[in-house]
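Scroll down for the structure; my scribbles are underneath it.
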Amino acid sequence: MRYNDIVLTVRSLKKSFGPVDALVEGDLTLERGKITALVGNNGAGKTTLIKCITGALRPDYGYISLRGEATPSLTLAEARRRGIATVYQDLALVDVLDVASNIWLGMEPSRWGIVDREVMRRRSIELLKRFAIDLPSVATPVSDLSGGQRQAVALARAIAQGGDILILDEPTSAMGIVERSHIVDAVKKLRKDGQAILYISHDMEQVLETADEVVIMRNGRTIACIPVGELDPLSLAGWISGAIS
Ligand SMILES: Nc1ncnc2c1ncn2[C@@H]1O[C@H](COP(=O)(O)OP(=O)(O)OP(=O)(O)O)[C@@H](O)[C@H]1O
């Protein structure tokens, strides 16, 4: 690992919700050009950890640094400004708007103060084409899309933000096999472009096929970070269940 490749360092993060210790000990390092999968049973603390990293939640304790600089009070806006793009499980799309408007939400290209819909349409088509993301038309309202297509729009929006850290909470959970393989290819392309990618997944086959390393969470703790070459389906299941520790 080269020091300059490290874009995010997280140490000893803790977060409780009243009596529930959702995150007891969160440690993580993300590097440029690397895909890190975050895995663990339901309730292991994965979403809480990424919400602390993206400024959606304020940790009770711990240290986060971005490109070597400590960031003690990260907010959503600050995280985004500093290059963290996130796709949450709820996707946060605006149903009544079309695909292009959702991709560029809050970043709409404008001319003389008016949204330039033609530029927005063209840039959307270019972006979807570059990442081989398959959608019916950028003029389709997202309310008319399938669950998997909506996930694809949310990913396109995260890419459009142009950061160098991409965080995805179960990005393909609603997708069929073909859509899923397109998204996997898009994520691999982003890795090639030098992005640091962290994604939560319950799809172990996909994790083993896509990730460079796997961070295992159990009971609110990140208990191991293992290069994918050292894992197989059985050992990965063992790490998650606690049969291996
Ligand atoms: N806002 C909240 N209020 C109270 N408890 C919460 C809250 N958010 C999460 N928790 C609890 O914290 C624990 C960790 O939840 P979290 O969503 O981080 O787990 P997860 O690993 O992402 O699970 P899943 O795979 O099911 O999405 C769970 O016990 C959950 O019920």
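Here, residue 1 is the first one in the sequence, and each next residue gets the next number. Ligands are counted one by one from 1 in listed order, and the atoms in each one are counted from 1 as well. Every heavy atom of this structure was used, including side-chain atoms; hydrogens, water molecules and symmetry mates were not.
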Got the residues with a heavy atom under 4.0 Å of ligand 1, by chain and number?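 The answer is Phe17, Val20, Ala22, Asn41, Asn42, Gly43, Ala44, Gly45, Lys46, Thr47, Thr48, Gln89, His202, counting any residue whose heavy atom sits under 4.0 Å from ligand 1.
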Ignoring hydrogens, what is the shortest heavy-atom contact between Gly26 and Val10? Give both atom names and the distance.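 Closest approach of Gly26 to Val10, heavy atoms only: O-CG1, 3.4 Å.
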Residues Ser201 and Glu170: side-chain donor-acceptor under 3.5 angstrom: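 Ser201 vs Glu170: no donor-acceptor pair found between side chains.
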Whether Arg157 side chain and Val87 backbone form a donor-acceptor pair below 3.5 Å: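 Not at all, since once roles are kept as given, no pair shorter than 3.5 Å links the two residues.
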Tell me which pairs pass salt bridge (charged side-chain N to carboxylate O under 4.0 Å, His left out) where either residue lies in residues 144-155, with sequence neighbours left out.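 Checked against salt bridge (charged side-chain N to carboxylate O under 4.0 Å, His left out) - neighbours excluded - the pairs reaching residues 144-155 are Asp95-Arg150.
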Applying side-chain contact (heavy atoms from CB on, under 4.5 Å), can you list everything that pairs with Val115, at least two apart in sequence or on another chain?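 With sequence neighbours excluded, Val115 shows a side-chain contact (heavy atoms from CB on, under 4.5 Å) to Glu108, Arg117, Met120, given in chain and number order.
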Once side chain to side chain donor-acceptor pair (under 3.5 Å) is applied, do any residues pair with Thr54, and if so which ones, sequence neighbours excluded?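 By the side chain to side chain donor-acceptor pair (under 3.5 Å) rule, Thr54 matches Tyr88.
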